[in-house]
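So the structure is just underneath, and the comments pick up after that.
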Amino acid sequence: METISKTKKQVYHFGTQETDGDRSMRNLLGGKGANLAEMSNLGIPVPPGFTITTEVCTKYNEVGREEVIALLKEEVEKAVASIEKEMETSFGDNENPLLLSVRSGARVSMPGMMDTVLNLGLNDESVLGLVKRTNNERFAWDSYRRFVQMYGGVVLGMKAETKEDENPFEEIIDNLKGKRRIKLDTQFTVQDLQDLVYDFKDAIKKSTGRDFPTDPWEQLWGSVMAVFDSWNGDRAVYYRKINGYPADWGTAVNVQAMVFGNMGDNSGTGVCFTRDAATGVNEFNGEYLINAQGEDVVAGVRTPQQITKMGSQRWAELAQIDEVERMKDFPSLEELMPKIYTELYEYQERLEKHYHDMQDMEFTIQNGKLWILQTRNGKRTGAAMVKIAMDLLKEGQVSEKEALLMIEANKLDELLHPIFDTNALKRAPVVAQGLPASPGAATGQIVFFADEADKFKNTILVRTETSPEDLEGMNLAKGILTARGGMTSHAAVVARGMGKCCVSGAGALKINYKKRSMTVGDQVYNEGDWISLNGSTGNIIEGKVATMEPELSGEFGELMELSNKFGNLKVRTNADNPKDAKIARNFGAQGIGLARTEHMFFEVDRIKAMREMILADTTKGRKAALEELLPMQRKDFEGIFEAMEGCPVTVRLLDPPLHEFVPHQLATQKELAEDLHISLSAVKNKVAELHEFNPMLGHRGCRLGITYPEITEMQTRAIMEAALNLKAKGIESKPEIMIPLVGSFEEFECQDKVIRDTAEVVFSEYGDTVDFTIGTMIEVPRAALMADTIAEKADFFSFGTNDLTQMTFGYSRDDAGKFLTVYLEEGILKNDPFEVLDQDGVGQLVDIGTKRGRSIKPDLKVGICGEHGGEPSSVEFCHSTGMDYVSCSPFRVPIARVAAAQAALK
Ligand code: PEP
Ligand code: MG
């Protein structure tokens with residue numbers, strides 16, 4: 001990174017008067033900062049403020065607080081003065097104080113993962129100034145107690161002692177409410193709020209040993225540094241890890257004039273979306289609260305109201321609230337403040353058209369004036385992602401290319417997961433209803449604490465509300481259920497981003513963390529009880545519900561067609577039975593890139609003949625056993641070729657070491673001895689004989705076919721006979737025979753001859769022929785280096801990047817788990833190389849192999865069949881090397897198709 005000096009600009013202004021950034025500066029200003037500047041440029045009312053760049057965060061991590069303050073001091077003081085001028089207030093003034101918010105903002109949105117401080121600038125004197133200026137004593141003291149609470153938690157580090165304990169500030173609030181016999185925050189008197197301020201400060205002093213700072217500048221620097229610190233907090237680190245964001249991006253800090261949604265009934269605050277983030281339907285929607293600050297909406301402490309009239313009516317129906325009660329207690333913004341609503345509607349329309357994407361916006365109404373606090377491309381489910389992209393395309397807002405690039409290929413996975421079986425749902429006992437916050441079907445055992453989300457195999461995390469601390473547990477759980485919070489609560493937003501099923505705001509649930517139970521009416525559910533969540537309806541169901549395959553939407557089909565239009569890399573599948581082949585074909589697979597024949601031998605009816613073959617001491621004995629296997633293999637191939645009619649099918653000859661097929665336990669060894677009418681010791685001796693110290697590098701791959709050519713003969717015969725039998729029925733097959741683990745021309749030549757000779761014999765027996773090709777896997781580093789010789793005979797190459805990764809790194813595929821986690825944590829590896837292709841190292845071999853192969857045979861067909869074939873960044877790499885196809889598991893076929901098209905577009 002470029003080193004930053006005092007002469008370089010580190011602070012950028014935004015607001016209605018002076019703006020020096022724009023949306024293109026996202027890496028430097030963070031997403032929030034860049035968008036605040038952009039909105040200012042568009043003339044949308046944004047409270048004035050400034051952004052400290054992400055580079056300063058990185059600097060802070062190197063040199064620490066004091067040096068960074070010295071670096072920033074002059075620019076920040078100037079920027080604060082400029083806000084003072086625009087807001088006609090003065091920072092630290094006792095009469096007319098300027099209050100500030102301090103928020104994080106990385107280049108990508110990381111909702112709730114970092115810290116925020118609001119109402120900064122208040123102390124025992126300036127709060128009196130605020131009282132006088134606003135003529136609203138209650139508001140001023142409420143703002144002050146919120147500030148002490150937030151600053152105490154975020155900057156001074158005040159926390160609950162154990163997970164069963166409540167947040168210490170909430171405990172103080174609850175105690176006071178109990179004493180005063182009131183239920184709502186809004187019922188606090190000014191005296192109550194003043195008591196809270198002093199009680200909070202005492203509690204902070206007792207718990208952290210620190211006095212609450214009264215100097216606004218000290219408050220400001222403390223908050224800025226706390227935001228920088230939160231970049232390396234547990235939540236943010238975990239979020240970066242699951243999303244693959246590097247630590248050196250850093251976060252920007254946005255300091256902005258406070259506007260207040262809690263100034264009375266003519267004020268409020270809310271969150272809105274230009275389209276539905278769960279389904280993608282093009283409907284403006286959102287939630288707001290009157291007389292509240294932003295955190296109240298997200299934290300789910302009060303029940304938020306809907307922004308649109310239609311949304312409000314739908315919500316009331318779900319909550320079983322009648323029209324009179326709805327209009328009295330929960331009117332929409334559209335009904336309550338029609339003028340503000342119209343203005344907001346106009347901004348959301350303008351912003352979506354400007355960004356050409358669904359926006360997620362935050363706003364505050366202060367004394368009847370609307371301010372927009374933030375806009376960003378909204379997080380959405382996989383289904384919404386597809387619908388929004390296809391709809392924007394139809395509306396002419398984005399081009400085909402842009403629509404395709406809006407798709408996060410891996411997220412398509414969500415659409416392919418099972419949903420609840422519609423028949424089973426009809427009989428399912430619904431115990432309560434919440435909001436359909438994030439669609440999907442989840443069944444699991446109840447847990448109440450995020451750090452216990454892996455207590456059972458499938459869990460449902462049940463919380464009163466979730467907080468950013470719960471992120472890891474939310475990711476582990478199958479579904480999330482909260483008693484409080486609306487569609488924009490933390491749980492809802494995070495779950496949608498993860499594509500995880502979530503039902504929020506189920507008010508009928510009473511959760512008791514100490515007893516680890518929840519009650520609905522008089523029904524009690526304990527930890528470990530099974531429940532199911534329907535994230536599309538908000539239904540909470542007792543017990544388990546059966547699932548079925550999902551139906552894919554029309555937009556999904558449109559996306560797939562669009563991908564075909566741009567992708568020139570073909571997509572095949574790895575499948576070794578007709579069922580998987582059909583699934584993949586339905587997803588658009590254009591052939592099979594890898595049929596692993598060994599999987600076929602494990603089925604009960606074959607394993608015996610297979611073991612007989614392995615235990616045979618003579619070629620004759622082996623041939624007799626292979627004779628038994630032949631009809632079964634032939635049938636397997638007939639099924640697969642038929643399912644893939646007309647498409648190429650790459651069949652790989654037997655690959656794994658033979659010891660994998662023999663029994664290792666005494667009981668099964670005895671059984672085998674009886675079955676084969678041989679002694680137990682003969683079985684034991686054979687098993688011992690097959691033992692290898694390093695089976696992955698042992699007697700496997702083409703080494704089997706070279707030492708036992710009769711295996712290759714049998715497999716070739718089965719393939720050719722299957723193809724000929726189908727041909728007789730008018731079904732076309734395109735077999736491609738693949739020799740595994742080749743490292744030299746001679747190995748390939750040996751097996752090539754066995755295959756061709758066998759095919760000749762079969763063809764003359766049948767008096768007919770079929771076209772076939774013979775190729776090899778490139779999975780031993782030497783094969784990549786010797787590719788120009790191997791290509792003299794081979795018709796095609798398929799990179800087996802699982803083995804190629806294993807052998808290039810020297811990491812055993814079977815044992816790497818032991819150290820890879822540490823490597824990833826320590827940053828020694830950026831990704832697991834068995835998941836994401838190591839382009840720097842293994843990629844070189846792929847590139848060399850392809851180039852050397854094609855130097856001899858320019859039209860050599862080249863593909864990949866390792867696990868990387870369905871991973872988007874690896875697919876992009878394969879495209880760049882000029883491969884013909886990628887091959888991946890059936891459910892990754894749609895992902896690979898989109899990734900292939902994106903690679904071509906990039
Ligand atoms: C490979 O090695 O990449 C491969 C596809 O083969 P297997 O995983 O069966 O070893
Ligand atoms: Mg392999």
Side-chain angles (χ1 to χ4, degrees), residues 571-577 580 584 589 591-602 640 648-661 692 694-705 711 715 736-743 747-748 751 775-784 787 790 794 796-817 832-839 841-843 845-846 849-850 861-871 874-875 877-878 881 883-890 892-893 896:
V571 177
R572 295 195 190 184
T573 192
N574 294 355
D576 36 53
N577 59 62
D580 287 354
I592 288 183
L594 173 63
R596 292 176 163 105
T597 50
E598 57 271 15
H599 292 174
M600 302 166 185
F601 294 122
F602 280 105
I640 294 174
V649 175
T650 306
V651 179
R652 179 179 71 188
L653 302 179
L654 194 66
D655 182 36
L658 296 180
H659 83 94
E660 285 190 11
F661 297 96
E692 292 179 303
N694 216 332
M696 275 290 178
L697 302 178
H699 193 182
R700 60 169 287 217
C702 65
R703 299 157 205 172
L704 289 174
I711 298 179
Q715 293 202 291
E736 302 176 334
I737 300 181
M738 181 154 75
I739 306 168
L741 222 70
V742 162
E747 284 176 329
F748 185 87
Q751 289 295 285
T776 181
M777 297 195 66
I778 304 286
E779 50 186 345
V780 175
R782 191 175 192 278
I790 297 169
F796 64 88
F797 283 177
S798 177
F799 284 93
T801 44
N802 302 334
D803 274 310
L804 194 59
T805 300
Q806 162 170 266
M807 296 193 217
T808 305
F809 274 96
Y811 295 166
S812 158
R813 283 164 75 171
D814 299 328
D815 304 310
D832 177 345
F834 291 105
E835 252 171 56
V836 178
L837 186 75
D838 160 48
Q839 297 179 18
V842 180
L845 286 168
V846 174
T850 308
K861 189 151 58 159
V862 179
I864 180 175
C865 62
E867 280 310 299
H868 311 92
E871 192 282 316
S874 314
V875 172
F877 173 78
C878 293
T881 64
M883 261 186 212
D884 296 290
Y885 69 87
V886 295
S887 188
C888 55
S889 60
R892 301 193 94 182
V893 166

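Read the numbers this way: they start at 1 and go in the same order the structure lists the ligands and their atoms.
Those atoms of ligand 1 that come under 4.0 Å of a heavy atom in Arg813, given as number and element, are 2 (O), 7 (P), 8 (O), 10 (O). The ligand atoms of ligand 1 that sit less than 4.0 angstrom from a heavy atom of Arg596 are 4 (C), 5 (C), 6 (O), 7 (P), 8 (O), 9 (O). Remark: ligand 1 atoms within the under-4.0 Å shell around heavy atoms of Cys865 are 5 (C). Taking every non-hydrogen atom of Leu594 and a distance limit under 4.0 Å, the qualifying atoms of ligand 1 come out as 5 (C). For ligand 1, the atoms lying closer than 4.0 Å to a non-hydrogen atom of Asn802 are 1 (C), 2 (O), 3 (O), 4 (C), 5 (C), 8 (O). Listed by number with element, the atoms of ligand 1 under 4.0 Å from a non-hydrogen atom of Gly800 are 1 (C), 2 (O), 3 (O). For ligand 1, the atoms lying closer than 4.0 Å to a non-hydrogen atom of Thr801 are 3 (O).
Considering both main-chain and side-chain atoms, Met777 never comes within under 3.5 Å of ligand 1 through any nitrogen or oxygen pair. In terms of N/O distances under 3.5 Å, ligand 1 is not approached by Glu598.
In terms of heavy atoms, Gly870 sits closest to Ala896 at CA-CB, 4.4 Å. Shortest non-hydrogen contact noted between Thr573 and Pro890 is OG1-N, 3.3 Å.
Interatomic distance, CG of Asp655 versus CG of Leu741, reported as 6.0 Å (0.5 Å rounding). The CG atom of Asn577 sits 6.5 Å away from atom CD1 of Ile640, with the distance rounded to the nearest 0.5 Å.
For atom 6 (O) of ligand 1, the nearest protein heavy atom (residue, atom name, distance) is Arg652 NH1, 2.9 Å.
Note on Glu867 versus Arg813: no salt bridge recorded, every NZ/NE/NH1/NH2 to OD/OE distance being 4.0 Å or above.
Look at Glu867 and you'll find every heavy atom at least 4.0 Å from all atoms of ligand 1.
Angle OD2(Asp803) to the Mg ion (ligand 2) to OE1(Glu779), rounded to 10°: 90°.
Without hydrogens or angle criteria, Arg703 side chain to Gly698 main chain gives a donor-acceptor distance under 3.5 Å. Distance alone, capped at 3.5 Å, places no donor-acceptor pair between the Glu871 side chain and the Leu837 backbone. Looking only at distances, no side-chain donor or acceptor of Ser874 sits under 3.5 Å from a matching main-chain atom of Gly869.
Between Phe834 and Tyr811, the angle of the ring planes lies from 30° to 60°, which puts this pair in the tilted group.
For Asp655, every N, O or S atom stays at 2.8 Å or more from the Mg ion (ligand 2).
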